[in-house]
Amino acid sequence: MCAGAAAVADDGVYDLLVVGGGINGAGVARDAAGRGLSVLLCEKDDLASHTSSASTKLIHGGLRYLEHYEFSLVRKALLEREVLLRNAPHIICPLRFVMAHDPAMRPAWLIRMGMFLYDHLARREVLPGSESIGLREHPAGAPLRPEFTRGFAYSDGWVDDARLVVLNVVDAADHGTRVLSRTRCVEARRADGIWRATLESGTVTRFSVRARALVNAAGPWAGTFLRDVIPDSPARHLRLIKGSHIVVPRMFDHSFAYIFQCADKRIVFAIPYENDFTLLGTTDVEYRGDPGLARISDDEIAYLCKMTERYFAKSVTPKDVVWSYSGVRPLLDDESGDPSEISRDYKLEFDTAGAPLLSIWGGKITTFRRLSEEAVDTLVLALGERRARWTEGAALPGGDLSEVIGPPHRPDRDIELFIERMNERLPFLPRALVRRYARSYGSRMLRMLGGIERIEDMGLEVAPGLYEVELRYLIDAEWARSAEDILWRRTKLGLHLTLKQQKMVSRWMDGMFLVRQTQRAQPAA
């Protein structure tokens with residue numbers, strides 16, 4: 001149900017209006033719809049178009065949070081790490097990290113103690129534990145400066161963050177949610193025990209909806225949403241912290257990632273990315289202004305290059321940057337002077353002075369499912385419902401591979417077996433394309449490729465590796481409306497295409513929507 005009607009009550013009132021199409025709004029909509037609530041989700045831009053597609057792409061406990069004694073947050077995130085690895089093996093995978101030991105930063109015993117806690121704060125079934133390694137013998141030591149001879153290795157997870165958001169929304173829609181992207185909530189008022197909201201699609205189309213409860217999941221706009229949209233709302237101050245990343249040509253040939261300790265007590269990651277690249281980040285910079293306009297600064301680029309050069313034998317310069325992105329994280333203001341020390345935990349603020357209002361403050365992508373579960377627990381109680389939790393053992397769309405491989409065993413091995421089987425089923429497709437489809441859509445690639453028996457059935461190859469069958473699927477099933485939606489969020493093909501090829505995709509998209517608009521305008525025969 002990509003844009004169809006949700007299961008609205010006979011009186012036309014939704015149980016829940018969710019404002020915000022980032023990871024938290026998507027997670028809440030999915031959880032609530034799966035419990036049988038009628039849900040409307042609106043997002044002023046594309047799904048995952050801001051903070052939720054601008055992360056470091058990690059599902060992790062947050063090793064550095066141990067230094068700030070946030071044991072509860074780390075444990076919660078570590079537990080979720082295992083849940084998500086099992087529920088989304090196509091878009092989440094194990095990733096082994098290497099930390100080169102710099103005696104000037106932290107003593108080895110302190111790091112070992114931290115690794116021990118990281119291994120044992122929560123039960124592990126999928127990921128291996130930490131270990132000490134000799135960098136002169138280990139393959140991860142080759143790209144590093146020769147003075148680094150000792151290190152530590154541990155495991156976390158990698159995630160395609162934008163796809164994580166979209167798949168949550170796909171599942172929400174499959175459970176009846178009405179999804180309205182590019183639709184802004186411009187006003188919301190309580191009246192007669194329900195919310196009456198005005199939504200705006202585009203610049204001129206306004207319409208009203210009613211809901212029994214409202215969820216403010218506007219991320220970095222959550223504070224301004226209360227101030228500007230809901231009259232007489234209590235003020236809530238967020239610290240807006242900009243995190244920026246750069247992408248450079250591949251710096252090493254192995255599959256390990258790096259975590260680097262910096263003199264300012266921050267952490268920089270170097271992660272294998274999209275086969276041909278390395279992702280470097282992140283920064284923590286105080287931000288003021290419209291979060292949608294956040295861009296990396298020259299100082300941030302220089303900082304990431306400098307921090308990376310401290311460890312790698314081969315230097316990185318601003319000229320090496322092929323792409324960058326920035327996201328603004330809304331963190332609860334604890335009056336800490338250092339942005340990197342502000343808690344990444346979340347807070348749910350519930351206002352029951354009339355129709356229920358739930359505002360979501362802070363949070364990190366790893367704990368979105370737990371946050372969503374707690375939020376919906378609170379909402380169903382306020383609405384007088386009794387609806388059981390369900391998402392912990394439920395695969396995200398495409399994550400159930402059993403139709404092809406049989407019962408699951410280990411997520412990392414399951415997805416590789418799935419890819420092997422799909423190569424056998426689709427011998428006419430390049431193996432690299434089958435792998436990309438599997439890692440993006442999982443078992444839903446069977447739906448996308450339904451009826452495809454030869455390469456000619458795929459339609460026009462609009463750009464290298466991008467066929468019409470995939471473009472149509474992303475439009476019809478995942479709310480894609482522009483070339484940017486497809487090339488930089490639903491996929492990362494923008495990194496692999498020239499500007500000319502990207503413009504070809506844009507022209508195809510423009511033509512497709514023009515044809516559909518013309519067809520809708522024609523009177524029925």
Side-chain angles (χ1 to χ4, degrees), residues 1-9 13-53 84 87-88 161-185 188 195 197 199 209-219 221-222 225 346 348 350 355-360 363 365 367-380 382-383 385 387-392 394-399 477-479 489:
M1 290 182 61
C2 290
V8 188
V13 179
Y14 292 93
D15 290 320
L16 205 60
L17 169 61
V18 180
V19 178
I23 188 59
N24 291 333
V28 169
R30 177 199 183 215
D31 190 305
R35 300 199 206 192
L37 300 182
S38 59
V39 182
L40 170 61
L41 169 69
C42 69
E43 159 58 45
K44 67 184 183 66
D45 298 309
D46 181 32
L47 301 172
S49 55
H50 298 292
T51 307
S52 293
S53 60
L84 296 177
N87 290 345
D161 52 4
R163 291 211 57 75
L164 182 66
V165 175
V166 169
L167 293 182
N168 270 272
V169 178
V170 167
D171 209 19
D174 285 348
H175 283 92
T177 295
R178 185 182 181 191
V179 179
L180 299 176
S181 62
R182 293 176 167 81
T183 302
R184 183 188 302 268
C185 181
W195 286 98
L199 307 186
V209 298
R210 295 181 295 164
R212 297 169 65 197
L214 188 152
V215 176
N216 171 17
W221 289 273
F225 175 79
Y346 58 83
L348 304 177
F350 199 49
L357 167 65
L358 181 68
S359 292
I360 299 172
I365 199 165
T367 53
F368 87 90
R369 192 206 63 84
R370 180 80 170 267
L371 178 157
S372 302
E373 194 172 64
E374 292 178 14
V376 180
D377 284 349
T378 302
L379 289 162
V380 295
L383 295 175
E385 306 281 356
R387 307 291 174 90
R389 294 179 171 186
W390 67 282
T391 58
E392 183 173 356
L396 281 166
E478 295 193 1
W479 301 275
R489 283 185 286 277

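Values in this document were obtained by computation on a predicted structure and should not be read as measured data.
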The criterion is side-chain contact (heavy atoms from CB on, under 4.5 Å); which residues satisfy it with [X], sequence neighbours excluded?
X	value
E392	V83, R369
N24	I360, F368, L371
A33	V39, H175, T177
A162	A48, S53, D160, R489, K492

Does S52 reach the main-chain N or O of I23 with its side chain, forming a donor-acceptor pair under 3.5 Å?
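Yes.
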
Shortest non-hydrogen contact between [X] and [Y], atoms and distance:
X	Y	result
A375	L358	CB-CD2, 3.4 Å
S372	G27	OG-C, 3.1 Å
V179	A173	CG2-CB, 4.2 Å
G25	L41	O-CD1, 4.2 Å
P356	F350	CB-CZ, 3.7 Å

Residues which pass salt bridge (Lys or Arg N to Asp or Glu O under 4.0 Å) with D45, listed by chain and number, not counting sequence neighbours:
none

My understanding is that only residues two or more places apart in sequence, or in another chain, count here; which of them pass salt bridge (Lys or Arg N to Asp or Glu O under 4.0 Å) with R370?
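Counting only residues at least two positions away or on another chain, R370 forms a salt bridge (Lys or Arg N to Asp or Glu O under 4.0 Å) with E374.
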
Sequence neighbours excluded, which residues qualify as ring pair (Phe, Tyr, Trp, His ring centres under 6.0 Å) partners of W195?
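Result, ring pair (Phe, Tyr, Trp, His ring centres under 6.0 Å) vs W195: none returned.
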
Let me see the working for T183 and K44 under side-chain contact (heavy atoms from CB on, under 4.5 Å), right down to the final yes or no.
CA-CA 5 Å; T183 302; K44 67 184 183 66; over 6 Å; no

Quick one: side chain to side chain donor-acceptor pair (under 3.5 Å) partners of [X], sequence neighbours excluded?
X	value
S359	N216
R212	D15, E385
N168	none

Between [atom1] of [X] and [atom2] of [Y], what distance do you get to the nearest 0.5 Å?
X	Y	atom1	atom2	result
R163	L47	CZ	CG	11.0 Å
F225	R184	CZ	CZ	11.0 Å
N87	L396	CG	CG	6.5 Å

Would R35 and T391 count as a side-chain contact (heavy atoms from CB on, under 4.5 Å) if you check the C-alpha gap in whole Å, the side-chain angles of each, and the deciding distance to 0.1 Å?
CA-CA 10 Å; R35 300 199 206 192; T391 58; over 6 Å; no

Is there a side-chain contact between [X] and [Y] (heavy atoms, below 4.5 Å)?
X	Y	result
L16	V28	yes
W479	E43	no
L199	L40	yes

Using a strict 4.0 Å threshold on nitrogen-to-oxygen distance, state whether R387 and D31 make a salt bridge.
no

